[in-house]
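None of the values given here were measured: they were computed from a predicted structure. Numbers restart at 1 for each chain; the letters A, B, ... are given by sequence-line order, proteins then strands.
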There are 2 protein chains.
Amino acid sequence: MRANLEQQVENFRERCRAAGLSLTHQREIIYRAVLESREHPSPEIIYEKVKALIPAISLATVYKNIHTFIDAGLLREVTLHHGSLRLEANLSEHHHLVCVRCKAIVDLDESDVAPVHLKRRPPAGFRITRASVEFRGLCAACAKSSKLTAQS
Amino acid sequence: MRANLEQQVENFRERCRAAGLSLTHQREIIYRAVLESREHPSPEIIYEKVKALIPAISLATVYKNIHTFIDAGLLREVTLHHGSLRLEANLSEHHHLVCVRCKAIVDLDESDVAPVHLKRRPPAGFRITRASVEFRGLCAACAKSSKLTAQS
DNA sequence: GACATTTTGATAGTAATTATCGTTAAATAG
DNA sequence: CTATTTAACGATAATTACTATCAAAATGTC
């Protein structure tokens with residue numbers, strides 16, 4: 001279940017202090033905008049929402065704080081590969097192992113993973129055509145070169 | 001197991017003909033470049049590989065053909081959200097339902113999906129920190145407005 | 001092989017994101 | 001509570017990834 005909103009915001013303040021981040025008005029409004037969104041918003045969407053409350057805010061501030069929050073583990077990116085299109089020719093069912101640091105993708109055969117299935121009916125007429133698992137973690141090389149600072 | 005390369009290329013030619021696509025030298029080399037890649041390449045990487053064989057090729061040709069191939073179902077994009085960063089504040093384990101057309105993302109609670117686990121040992125020292133399932137399909141609104149032409 | 005149609009290459013244009021830098025606000029010392 | 005230090009902000013230029021345009025070249029068909 002979803003914790004109550006003000007509680008989550010208080011937790012946010014706590015974690016900012018713990019991470020040595022200044023608590024600015026802009027930061028709290030940006031974080032709230034993501035918290036209150038169900039739709040996994042893009043930076044542009046967040047910018048629009050925040051601008052309704054802080055008309056003078058800069059788009060750059062939104063981007064900077066999004067990254068600050070990701071680095072501090074307060075927000076998470078839905079995909080680690082948003083920067084550039086990544087392709088595959090393997091059209092058979094399979095799964096992926098992704099390194100959160102170097103973004104390398106390794107295929108896992110379908111048979112390597114316990115069968116995936118949705119226990120409930122998908123929401124409101126959604127027609128599922130495919131299911132694949134993404135395992136995130138650190139590849140051997142990245143694990144060696146660094147400690148994991150923020151989960152992704 | 002991986003079908004042999006020349007067989008896959010022959011299958012590619014077949015499917016191009018079936019889709020009414022001209023068989024150009026550029027197309028075959030681009031498709032081969034993806035086929036021969038283990039690393040789920042970006043358009044830039046493909047461009048570099050292809051340029052070694054066709055020095056005069058244009059980057060635009062690479063991009064156009066990648067999209068032609070995706071539309072024809074010959075290639076698949078690893079993530080549907082490479083165009084723009086998408087965020088979430090929900091840090092607990094959960095899964096996603098994604099519409100291949102409108103790119104909407106809906107959360108599924110961890111308990112809605114049968115437990116995910118890797119049956120074999122992850123390759124070469126990879127440390128997994130998280131596993132999540134992406135269900136792809138068409139949301140109700142998109143299913144109504146169109147037929148599914150290419151799988152993603 | 002000639003013609004109609006696609007595709008290609010060069011390049012200009014656009015969207016998303018990042019860097020720079022002077023100004024302002026937050027944190028902390030006194 | 002004021003001054004000082006430091007971090008963050010806002011404006012905007014720059015960059016990166018991608019897309020559109022269009023004349024020239026290659027493909028497929030008859």
Side-chain angles (χ1 to χ4, degrees), chain A residues 12-34 40-72 74-75 77-87 103, chain B residues 12-34 40-72 74-75 77-87 103:
Chain A
F12 161 77
R13 294 202 196 95
E14 205 79 46
R15 297 191 66 182
C16 280
R17 270 180 233 116
L21 297 174
S22 300
L23 269 168
T24 67
H25 182 49
Q26 287 88 339
R27 280 193 177 144
E28 186 170 318
I29 300 299
I30 291 168
Y31 185 76
R32 274 178 189 273
V34 183
H40 301 75
S42 66
E44 290 290 334
I45 297 285
I46 297 165
Y47 177 58
E48 291 308 321
K49 293 193 180 207
V50 170
K51 217 159 55 166
L53 298 169
I54 312 176
I57 199 163
S58 167
L59 179 60
T61 299
V62 173
Y63 271 99
K64 274 181 288 195
N65 282 314
I66 286 171
H67 284 115
T68 301
F69 295 159
I70 292 171
D71 292 345
L74 286 161
L75 292 181
E77 25 193 347
V78 173
T79 169
L80 298 174
H81 300 108
H82 65 274
S84 157
L85 183 58
R86 300 285 291 267
L87 299 159
K103 294 358 188 210
Chain B
F12 160 79
R13 295 203 195 94
E14 206 80 46
R15 298 191 64 182
C16 281
R17 270 178 234 119
L21 297 173
S22 299
L23 270 167
T24 67
H25 182 49
Q26 288 86 339
R27 281 194 175 143
E28 186 170 319
I29 300 298
I30 291 168
Y31 185 76
R32 276 177 188 273
V34 183
H40 302 75
S42 66
E44 290 290 334
I45 297 284
I46 296 166
Y47 177 57
E48 291 309 321
K49 292 193 181 207
V50 171
K51 217 157 58 162
L53 297 169
I54 312 177
I57 200 162
S58 166
L59 178 60
T61 298
V62 172
Y63 271 98
K64 275 180 289 194
N65 282 314
I66 285 171
H67 285 114
T68 301
F69 295 159
I70 291 171
D71 293 345
L74 286 161
L75 291 181
E77 23 192 348
V78 172
T79 169
L80 298 175
H81 300 108
H82 65 276
S84 158
L85 184 56
R86 300 287 290 269
L87 298 159
K103 280 29 176 192

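Note on T24(B): only backbone sugar-phosphate atoms sit closer than 4.0 angstrom, heavy atoms only; bases stay farther off. Nucleic acid contact for S84(B): sugar-phosphate only, since backbone atoms but no base atoms lie under 4.0 Å from a heavy atom of the residue. At a threshold of 4.0 angstrom between heavy atoms, the contacts of L85(A) are confined to the sugar-phosphate backbone, with no base atom among them. E44(B) comes within contact range of no nucleotide atom at all, as no heavy-atom separation falls under 4.0 Å.
Put simply, the side chain of P41(B) does not reach to within 4.5 Å of the side chain of E48(B), judged on heavy atoms.
Protein atom CZ of R17(A) is 14 Å distant from nucleotide atom P of dA26(C), rounded to whole Å. When the P atom of dT24(C) is taken as reference, atom CD1 of I54(A) falls 17 Å away, rounded to whole Å. Atom-to-atom, CD1 of I57(B) to C1' of dA25(D) comes out at 14 Å; the value is rounded to the nearest Å. Straight-line distance from the CZ atom of R13(B) to the C1' atom of dT27(D): 15 Å, rounded to whole Å. What separates CG of L87(A) from P of dA17(D) is a distance of 14 Å, to the nearest Å. Going from atom CG of L23(A) over to atom C1' of dC9(D) covers 15 Å, rounded to whole Å. Following rounding to the nearest Å, R27(A) (CZ) and dA7(D) (C1') show an atom-to-atom distance of 8 Å. Rounded to whole Å, atom P of dA17(D) lies 10 Å from atom CD1 of I45(B).
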* Step by step, would you call S58(A) with K64(A) a side chain to side chain contact (heavy atoms under 4.5 Å, CB included)? -> CA-CA 10 Å; S58(A) 167; K64(A) 274 181 288 195; over 6 Å; no
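Residue L87(A) comes nearest to E77(B) through the heavy atom pair CD2-CA, 4.4 Å, listed as atom of the first residue, atom of the second, then distance. Here the closest non-hydrogen pair linking I30(B) and V62(B) is CD1-CA, 3.9 Å.
Out of dA8(D), dT7(C), dT17(C), the shortest distance to the side chain of L21(A) is found at dA8(D).
Between Q26(A) and dA25(C), a side-chain N or O to OP1/OP2 separation shorter than 4.0 Å is absent. Listed pair Y63(A) / dT18(C) fails the phosphate criterion, with no side-chain N or O lying under 4.0 Å from OP1 or OP2.
Nucleotides of DNA chain C nearest to L59(B) and G83(B) differ in position, and the one nearer the 5' end is that of L59(B). Ranked by how close their nearest DNA chain D nucleotide is to the 5' end, T61(A) and H67(B) are led by T61(A). Positionally, the nearest nucleotide of DNA chain C for K64(B) lies more toward the 5' end than for the other of K64(B) and H82(B).
Using bins of under 30°, 30° to 60° and over 60° for the plane-to-plane angle, the ring pair F12(A)/Y31(A) lands in the parallel bin.
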